[in-house]
Amino acid sequence: MSSPYPRARLAQARWAQLSVEERVRRISPAVQALADRMDEFAQRIHEENGKPMMEAVTHEIGASISTMRWLLDTAPRILQDRSLSLSVFPNRKARVQRVPWGVVLVIGPWNVPLGIPVSQVIPALLAGNAVVLKPSELTPRSAGILAEILGGCDLPAGLFTLIEGAGDVGAELIAQRPDKLMFTGSVATGREVMAAAARHPIPVTLELGGVDAMIVCEDADLEFTASAAAWGSTFNGGQVCASVERLIVHASIRDRFQSLLVDKLERIDPRSDLGHITAPRQRQIYEAHLADARDRGLEIPTGGRFLGPRQLAPTLVAGPGIEQADVWQQETFGPVVALTEFTDDAHAIALHNSVSSGLTASVFTADVARAERIAGQLRAGLVSINDVGATLYGQPELPWGGVGASGFGRSHGEEGLLDCSWPRVVEQTRVGVFGPKRPWWYPYDHHQQALMAAFGRGLAARAPAQRLGQALRAGRSLAAMLSRRPRL
Ligand code: NDP
């Protein structure tokens, strides 16, 4: 495969010369292009990925429009130079510039084949980078929408390139050494990608999904909460990094909640509501997790059977010992949710934090103060009180990403945009301040050391009298120092 990077680097060198405002102006037509062809694009995603039209319109096109709109409106402010006043040398001036990485490689997933790349490609371009996108081999036509809408923009040739291919193409693109890598996918591939990037090293952002949990307190609106759980665990056929995979329900309402949920899961219409399996290999994961649950003697109050080659019925798994089961510990990435019960808030928090990943979480209760206390102890990148955590993806100002096995780095929000560049500090001072040379330069002597000690103690002192005392000491040491050996 010939490398796309030389051409991308030439385009990037020109692109980076433009102001952020000019980059915004040139990318802006892409938003309207997406809106104008919404139905056609949604249909394409629906056919290729298998998600319902409603989800293609909302989670792919709608989310992409809101992400792009917010980025275009806020990028000039977020990426502008920042002036800093300095605490140690107040007489100096400093500013932090945001410098593009150069060429960013985005390796995309198949579950949200347009929305996820949009949230990484557009900020990377606005920050002054060129981008090479390697979508999943399962969904190249959906990712191709991005190439089409950017194709109508006035961008230097080679600034954005889409390279189709399977995992080996992704690996080759990493070996060819981009300047930054953004990866969304499985923990296993994330590890491989990170190891490959470490050889150069290339900075990486990893979004690796999770086994996200919903905590249901005894005072929650159970009808509302069961609907949230039914939707949150099954939309896009459950193939969502922030899908609700675990339910932690207060023991006193567990039976009522479970029967409401079973009823709702059974009423999901597989023809219009339930997404299809996109990656055929998912079926083996579902079968393995269900076999593990059965081997452990867990109950499957509903679901657990395939409705066709590409659909698993919405499935609930429950019972003692579920916390050790695969459905609890590992991402099923299907319409499967595991349920257990808690007795007090500390127990709920411990159950939540009993897994290695932490992307989103949710707490359902009428007591917001209690929910805030619980949220503050959850190991998760985003916590929603009284809504499904995945909903937060649709709000572009919120930094999106997780901890632990969910990866690191952020897309969305200021953090996501800043992740597309590195900070360069430019500081300026004058020659001749503090005497002819800097007082900490050679030659070292005890007056100089006393000066630095007084300076340090002065910084530590809170009382004005102490500060003044240290300043006088520093002044005396400086005078003694300057009157002795000349500075080097
Ligand atoms: P992968 O992690 O294998 O795929 C994600 C992306 O990485 C795809 O574009 C894939 O290409 C590419 N890729 C695969 N191998 C390499 C490699 N060695 N170097 C560079 N790129 C590579 O996901 P799977 O399709 O195997 O899904 C398995 C599980 O991953 C799911 O069950 C789910 O748990 C999780 N997942 C999480 C997602 C999230 O949103 N965080 C998204 C997708 C999956 P290609 O597809 O062409 O092989």
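Each ligand, and each atom within it, is numbered from 1 in the order the structure gives. Quantities reported herein were computed from a predicted structural model and do not represent experimental measurements.
Side-chain contact of Thr189 with Ser186: a donor-acceptor pair under 3.5 Å is present, judged by distance alone. Judged by distance alone, the side chains of Ser411 and Glu207 never bring a donor and an acceptor atom under 3.5 Å apart. Between Ser3 and Gln176, the side chains place a donor N or O and an acceptor N or O closer than 3.5 Å (distance only, hydrogens not considered).
Using cut-offs of 30° and 60° for the angle between ring planes, the Trp101 and Trp422 rings count as tilted.
Classification of Asp345 and Arg373 as a salt-bridged pair fails, no side-chain N sitting under 4.0 Å from a carboxylate O. A salt bridge links Arg254 to Glu341: at least one charged side-chain nitrogen sits closer than 4.0 Å to a carboxylate oxygen.
Using a 4.0 Å cut-off to heavy atoms of Ala171, the atoms of ligand 1 that qualify are 19 (N), 20 (C). Using a 4.0 Å cut-off to heavy atoms of Lys134, the atoms of ligand 1 that qualify are 9 (O), 10 (C), 11 (O), 45 (P), 47 (O). Counting the atoms of ligand 1 from 1 in the order shown, those under 4.0 Å from a heavy atom of Gly108 are 6 (C), 8 (C), 9 (O). The Ile285 neighbourhood of ligand 1 comprises atoms 32 (O), with distances under 4.0 Å to a heavy atom of that residue. Each of the following atoms of ligand 1 lies closer than 4.0 Å to a heavy atom of Cys241: 39 (C), 40 (O), 41 (N). Near Glu331, meaning under 4.0 Å from one of its heavy atoms, ligand 1 places the atoms 33 (C), 34 (O), 35 (C).
Considering backbone and side-chain atoms alike, Ile116 places every N or O at 3.5 Å or more from each N or O of ligand 1. Of the polar atoms of Pro109, none of the N or O atoms is found under 3.5 Å from an N or O of ligand 1, judged by distance alone. By the 3.5 Å distance cut-off applied to N or O atoms, Thr332 is not counted among the residues near ligand 1.
Closest heavy-atom approach to atom 37 (C) of ligand 1 within the set Gly165, Gly185, Ala188: this belongs to Gly185. Considering Thr139, Thr189, Val240 only, the shortest heavy-atom separation from atom 15 (N) of ligand 1 involves Thr189.
Proximity of Glu137 to ligand 1, defined as any heavy-atom pair under 4.0 Å, is shared by backbone and side chain alike. Residue Arg281 touches ligand 1 through its side chain alone, judged by heavy-atom distances below 4.0 Å. Only the backbone of Leu208 comes within 4.0 Å of ligand 1, counting heavy atoms alone; no side-chain atom from C-beta on gets that close.
Centroid-to-centroid, the aromatic rings of Phe333 and Trp110 come within less than 6.0 Å.
Across Ile174, Val132, Thr184, Val169, a single residue satisfies side-chain contact (heavy atoms from CB on, under 4.5 Å) together with Ile107, and that is Ile174.
In this structure a side-chain-to-backbone donor-acceptor pair under 3.5 Å is missing from Arg246 to Ala338.
Not a single heavy atom of Ala279 sits less than 4.0 Å from an atom of ligand 1.
In the displayed structure, Arg7 atom CZ is contacted under 6.0 Å by at most 12 heavy atoms of other residues, nucleotides or ligands.
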